[in-house]
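Worksheet for the structure shown next.
Values reported hereafter were calculated over all heavy atoms of this structure, with side chains retained and with hydrogens, waters and symmetry mates removed. Here is how names work: the chains are called A, B, and so on, in the same order as the sequence lines, proteins then strands, and each is numbered from 1. Everything numeric in this text was worked out from a predicted model, so none of it was measured.
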Amino acid sequence: MNIIYSFLIGPMAWISFSILIIGFIIKILYFFFLSKNKDPEVLRYYHIGYAFRSIVAWNILFLAKSWRQNIPFTIATILFHISIFLIPIFLTAHVILIRMSWGISYFTLSETISDIFTVVGLISAAYLFIRRIIDKKIRYISTFQDYFLICLCFLVLFTGFVSYHQFINYKFFICTHILLSELLIILIPITKLSHIIFAPILRGYIGSEFGRIRNVYDW
Amino acid sequence: MSMIGKIIQLSQNIGVSIMESIEITDSHLIKVSQQISTQDIKNAVDQVLNKENGSRLKFYLSSCINCGMCFNACHFCISHNFDPYYSPVGKVKNTLKKIIKKNGEITPIEMAKIAEIAFTECTLCKRCVLYCPMGIDTAYLMSVVRRICCLIGMVPQYIQDTVNSHAAFFNQMWVKDDEWVDTLKWQEEELRGEFPWGEIPIDKVGADFMYSVIAPEPKFSPELIYYMSSIFNIAKVNWTMSSQPGWDNSDMAMYVRDDTISQQLKRSHFEAALKLKCNYIVMCECGHAFRSVYDTINRQLGWKYYPIKVIHAVEFLAYLLKRGKIKIREKIKEPVTIHDPCNISRGRGLHNLLREVVSYLCENIIEMYPNKEHNICCGAGGGVINCGPIYKEKRVKGNKVKAEQLKKTGAKIVIAPCHNCHSGLEDIVQFYELDMKVRFLGEIIYNLMEKPV
Ligand code: SF4
Ligand code: SF4
């Protein structure tokens with residue numbers, strides 16, 4: 001177990017983060033050159049101001065009409081995204097790990113707040129997953145990736161929660177937690193999770209097109 | 001995991017059953033499917049997906065998270081009680097994603113179904129863009145599917161006929177050059193009956209405005225030319241019309257994605273104006289033509305700026321009314337509602353100007369919500385109405401939501417400054433038995449303005 005643990009936390013972490021970063025660099029370059037060669041209007045119409053306007057508007061809670069028309073989903077997805085962003089970066093244990101390897105240290109979340117966010121993340125992930133199963137309409141459009149990725153996020157949060165509180169079999173859970181997290185990190189650039197980067201890029205393009213040429217708001 | 005497997009199986013089964021239950025209505029598409037092979041389709045798919053299209057196609061497809069927020073956007077989906085088959089993401093699933101999943105190995109009959117979805121179940125209104133958090137432009141994806149269909153000739157017959165007409169005569173309705181000039185002369189004669197000093201200048205060099213129309217006007221409703229020429233004459237502006245190919249600004253080739261033809265059309269349209277050395281092109285009350293000139297084909301032609309400024313009839317009429325060049329005798333008292341055509345509201349942001357124009361003409365304006373850039377499409381745009389009468393029922397039933405919207409206003413007149421919207425709304429009014437008249441701005445202004453004799 002100890003060997004696995006040190007492998008996961010050492011070389012494997014390096015591997016997964018390298019895949020994440022290199023994957024994103026390749027994908028962004030691919031997007032850029034593909035646009036340049038075959039879709040020149042993407043770069044020609046891109047306008048930082050309008051792109052920014054659109055991204056900000058879509059990030060203001062319930063400003064876009066679409067958010068207002070799907071209230072339960074909106075609340076779930078926003079809570080889910082907040083927790084899945086905050087926990088990996090600001091959880092005390094993670095910050096300690098980062099300090100140990102890179103010597104950087106910063107603000108951490110207190111234990112109660114982390115717990116609250118984790119539970120909220122778990123509930124909202126469960127909601128998003130169950131919605132895909134129960135709601136016929138969403139089931140019709142769902143693919144394997146959709147089910148799989150949301151399950152993976154849930155499991156990462158869950159194993160992390162269990163191992164942090166050391167309820168049972170700490171070693172097993174912490175190893176699973178690290179393994180799944182690294183799997184998640186590797187999957188980010190090659191699956192739909194790449195929307196972490198590409199949602200703002202595409203939203204920015206549409207924002208520019210609507211702002212610049214069509215003269216209307218795109219939310 | 002096995003549960004997930006089952007669920008996926010189930011969802012795919014639902015997908016198949018829904019797909020299978022949709023019959024192909026168009027015998028022409030079936031006929032085409034008998035003439036082509038899977039290899040032809042594969043070649044076309046390869047050409048379009050790998051050679052012609054780039055980043056938007058790839059990244060739209062890979063970024064859709066299947067969240068289902070676009071269900072609320074599409075009038076087809078809303079009208080069918082949120083049936084996922086009609087949702088924007090469902091359409092992509094049943095067309096492009098299917099093609100990509102099978103690596104282009106689509107049988108001709110499957111392709112016929114795909115063509116029917118792309119041509120008759122999406123009006124390319126781009127409303128879904130406003131509802132997708134990822135900014136995915138389903139209309140763009142559907143036009144990519146149409147491009148594949150165009151390359152293999154899998155295009156509904158009626159709309160293909162208009163494209164053939166574009167190719168042969170540079171207008172949408174097989175109007176011959178002399179017939180066009182004849183129509184103008186005839187309208188001028190009529191005009192002189194009312195205003196003895198009136199004229200329709202043809203090919204006048206150096207005019208300020210060149211007025212261009214779409215071919216259905218001379219073909220079916222020359223009175224629209226009459227109304228607009230009266231307005232031009234009474235406002236005493238320096239204007240002209242062209243007799244050259246390019247007098248017609250319509251562009252069905254854009255919706256079939258026969259790009260070569262649309263590019264020729266738009267070039268000839270601009271060239272007609274350049275030859276007359278005019279300062280502005282004023283376009284008739286048509287949405288798709290404006291989209292083609294203003295937004296779509298100019299991109300393909302690679303122009304950064306237009307050689308000549310293009311203004312839509314709404315902008316032009318607003319200019320005349322604001323400057324007092326035409327004066328309104330009395331306003332309409334009946335309740336009136338405004339339909340925002342997608343191509344000039346969501347496509348150009350002219351909705352506020354349109355309201356200004358209407359406020360000069362009507363006393364009692366009742367808004368129809370959602371409106372402005374969030375307006376619901378008339379259901380006839382994107383070439384859907386041009387796919388012919390066999391699709392009429394599908395089109396009208398697929399836009400029940402518009403009928404409900406119209407009914408809620410209780411208005412007696414609905415103003416729609418777009419030809420497609422006009423015909424689409426008329427069908428809706430008739431089918432759902434609404435007590436309403438659909439009107440163009442030109443017609444209303446003609447009837448209400450002060451006419452010096
Ligand atoms: S709203 Fe956008 S991301 Fe969501 S399912 Fe529709 S197209 Fe996909
Ligand atoms: S473009 Fe319009 S008709 Fe087509 S899928 Fe989007 S909302 Fe529906």
Side-chain angles (χ1 to χ4, degrees), chain A residues 27 30-42 44-45 54 58 64-67 69-70 73-74 77 131-133 135-149 151 191-195 198-207 209-210 213-219, chain B residues 1 3-5 7-8 10-11 14-15 18 51-60 62-73 77 82-85 87 89-90 92-93 97 126 129-137 294-295 299 302 304 345-351 370 372-374:
Chain A
K27 258 201 144 165
Y30 180 58
F31 179 81
F32 181 77
F33 283 105
L34 206 58
S35 305
K36 196 158 172 279
N37 295 331
K38 293 203 179 147
D39 241 348
E41 53 209 68
V42 173
R44 196 166 55 174
Y45 290 151
S54 175
W58 273 86
K65 205 163 173 191
S66 204
W67 292 135
Q69 287 184 339
N70 300 285
F73 171 74
T74 306
T77 189
R131 169 177 175 266
R132 280 205 189 277
I133 299 175
D135 191 335
K136 259 199 220 143
K137 294 176 282 207
I138 310 296
R139 195 168 63 207
Y140 177 75
I141 56 172
S142 299
T143 58
F144 176 71
Q145 254 197 43
D146 300 316
Y147 297 109
F148 178 71
L149 293 176
C151 268
T191 57
K192 283 176 185 195
L193 293 178
S194 61
H195 74 258
F198 281 98
I201 293 182
L202 293 176
R203 190 79 248 163
Y205 167 70
I206 279 295
E209 187 180 306
F210 271 66
I213 300 157
R214 301 168 184 271
N215 239 338
V216 281
Y217 300 133
D218 62 317
W219 54 87
Chain B
M1 233 22 156
M3 188 176 77
I4 300 175
I7 292 157
I8 292 159
L10 194 71
S11 68
I14 297 173
I18 294 184
K51 299 199 182 119
E52 288 183 5
N53 282 285
S55 49
R56 272 188 295 168
L57 175 70
K58 293 238 156 56
F59 284 87
Y60 282 159
S62 67
S63 302
C64 172
I65 44 162
N66 296 332
C67 62
M69 281 175 67
C70 49
F71 278 48
N72 289 313
C77 187
F82 297 97
D83 181 347
Y85 168 81
S87 66
V89 45
V92 176
K93 174 185 164 169
K97 287 202 176 143
K126 296 207 184 226
V129 178
L130 265 51
Y131 289 75
C132 171
M134 301 287 134
I136 291 171
D137 185 349
Y294 179 76
D295 182 20
R299 297 190 194 190
K304 192 157 187 191
S345 57
R346 199 157 35 245
R348 179 70 182 100
L350 294 184
H351 40 259
K372 302 190 179 175
E373 70 263 36
H374 282 275

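- Comparing Gly68(B), Gly90(B), Pro133(B) by how many heavy-atom pairs each has under 4.5 Å with chain A, the most go to Pro133(B).
- The residue among Asn53(B), Leu57(B), Asp137(B), Val129(B) with the most heavy atom pairs within less than 4.5 Å of chain A is Val129(B).
- Among Lys126(B), Glu52(B), Lys97(B), the residue making the largest number of heavy-atom pairs under 4.5 Å with chain A is Lys126(B).
- You'll find the side chain of Cys64(B) reaches within 4.5 Å of the side chain of Val89(B), heavy atoms only.
- A heavy-atom distance below 4.5 Å is not found between the side chains of Ile206(A) and Met134(B).
- Interface residue Lys51(B): only backbone heavy atoms are found under 4.5 Å from chain A.
- In this structure, Ser87(B) contributes its side chain and Phe71(B) its backbone to no donor-acceptor pair below 3.5 Å.
- For the options Gly135(B), Ser55(B), Gly349(B), heavy-atom pairs under 4.5 Å to chain A are most numerous at Ser55(B).
- Counting heavy-atom pairs under 4.5 Å between each of Ile65(B), Val92(B), Asn66(B), Asn72(B) and chain A puts Asn66(B) at the top.
- If you tally non-hydrogen atom pairs under 4.5 Å between each of Gln145(A), His195(A), Lys27(A) and chain B, the highest count goes to His195(A).
- With chain A as the partner, the residue from Gly347(B), Pro370(B), Ser63(B) showing the most heavy-atom pairs under 4.5 Å is Gly347(B).
- The greatest number of non-hydrogen atom pairs below 4.5 Å with chain B, out of Ser35(A), Pro40(A), Pro200(A), is found for Ser35(A).
- Only the backbone of Trp219(A) comes within contact range of chain B, judged by heavy atoms closer than 4.5 Å.
- At a 4.5 Å heavy-atom cutoff, Cys70(B) makes no contact with chain A through either its backbone or its side chain.
- In this structure, Asp39(A) contributes its side chain and Arg56(B) its backbone to a donor-acceptor pair below 3.5 Å.
- Proximity to chain B is limited to the side chain of Glu41(A), based on heavy atoms less than 4.5 angstrom apart.
- Here His374(B) and Tyr217(A) keep their ring centres 6.0 angstrom or further from each other.
- Proximity of a side-chain donor or acceptor of Lys65(A) to a complementary backbone N or O of Leu130(B) within less than 3.5 Å is not detected.
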Check the pair Asp218(A) / Glu209(A) against side chain to side chain contact (heavy atoms under 4.5 Å, CB included), numbers first and verdict last. CA-CA 9 Å; Asp218(A) 62 317; Glu209(A) 187 180 306; over 6 Å; no
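- Among Trp67(A), Phe33(A), Phe32(A), the residue with the largest count of heavy-atom pairs under 4.5 Å with chain B is Trp67(A).
- Taken to the nearest 0.5 Å, the CG atom of Asn215(A) stands 6.0 Å off from the OH atom of Tyr294(B).
- Contact annotation for Phe73(A): only side-chain heavy atoms (C-beta onward) come within less than 4.5 Å of a heavy atom of chain B.
- Ranking Lys137(A), Arg214(A), Lys38(A) against chain B, the residue ahead of the rest is Arg214(A), based on heavy-atom pairs under 4.5 Å.
- Ring pair Phe31(A)/Phe59(B) is perpendicular by interplanar angle, where above 60° counts as perpendicular and below 30° as parallel.
- Under the 4.0 Å criterion applied to side-chain N and carboxylate O atoms, Asp295(B) and Arg348(B) are not assigned as salt-bridge partners.
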